[in-house]
Amino acid sequence: MQYDSVSVLKKANVYFDGKCVSHTVLLADGTKKTLGVILPSSLTFNTGAPEIMEGVGGSCRVRLQGESEWTNYGEGQSFKVPGNSSFEIAVAEGEAYHYVCHFG
């Protein structure tokens, strides 16, 4: 899959000492997305706007704010995160989770 007719911000978004790296992509209609990878780690992200995380490679475990159970996600699967919330994500050793983050 690919996005056509987009602008890409040159500077990467680097979080958690390089455990998560993404690039911002702006579509012709003004929609903003990030394309990135999370390396083996356990991280907590806070959200401002609602997000949909679309897995495009690898796998991870996710626990949304207020939930007690972890859910596994892999390539071709997505999970939704409410705005003004948070989620924990864990990627196992030897793995990398590739994603597209859709905002709004």
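For reference, positions follow the sequence shown, starting with 1. For clarity, every value in this text was computed on a predicted model and none was experimentally measured.
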Using distance only, find each side-chain donor-acceptor pair of residues 17-25 under 3.5 Å and give its atom names and separation, not counting sequence neighbours.
| residue | atom | partner | partner atom | Å |
| --- | --- | --- | --- | --- |
| Ser22 | OG | Asn13 | ND2 | 3.1 |
| Thr24 | OG1 | Asn13 | ND2 | 3.2 |

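- The shortest heavy-atom contact between Ser78 and Ile52 is CB-CG2, 4.0 Å.
- Here the shortest heavy-atom pairing between Pro40 and Gly94 reads CG-N, 3.9 Å.
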Would you give me the side-chain donor-acceptor pairs under 3.5 Å for residues 28-35, sequence neighbours excluded?
| residue | atom | partner | partner atom | Å |
| --- | --- | --- | --- | --- |
| Asp29 | OD1 | Thr31 | N | 2.9 |
| Asp29 | OD1 | Thr31 | OG1 | 2.6 |
| Asp29 | OD2 | Thr31 | OG1 | 3.2 |
| Lys33 | NZ | His102 | ND1 | 2.7 |

Without placing hydrogens or testing angles, list every side-chain donor-acceptor pair under 3.5 Å for residues 4-11, not counting sequence neighbours.
| residue | atom | partner | partner atom | Å |
| --- | --- | --- | --- | --- |
| Asp4 | OD1 | Gln2 | NE2 | 2.7 |

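- Annotation: side chain to side chain donor-acceptor pair (under 3.5 Å) contacts of Ser85 (sequence neighbours excluded): Gln65.
- Residue Tyr97 belongs to a hydrophobic cluster whose other members are Tyr15, Phe16, Ile38, Leu43, Phe45, Met53, Val62, Leu64, Tyr73, Phe79, Val81, Phe87, Ile89, Val91, Tyr99, with links defined by side-chain heavy atoms closer than 4.5 Å.
- Annotation: salt bridge (charged side-chain N to carboxylate O under 4.0 Å, His left out) contacts of Glu67 (sequence neighbours excluded): none.
- Remark: Gln77 engages no residue in a side chain to side chain donor-acceptor pair (under 3.5 Å) (not counting sequence neighbours).
- Annotation: salt bridge (charged side-chain N to carboxylate O under 4.0 Å, His left out) contacts involving residues 45-63, sequence neighbours excluded, comprise Arg63-Glu88.
- Nearest heavy atoms, Thr44 versus Ser86: CG2-CB, 4.5 Å.
- For Ala96, the side-chain contact (heavy atoms from CB on, under 4.5 Å) criterion is met by Val37, Leu39, His98, not counting sequence neighbours.
- Contacts classified as salt bridge (charged side-chain N to carboxylate O under 4.0 Å, His left out) and involving residues 68-86 (residues at least two apart or in different chains) are not found.
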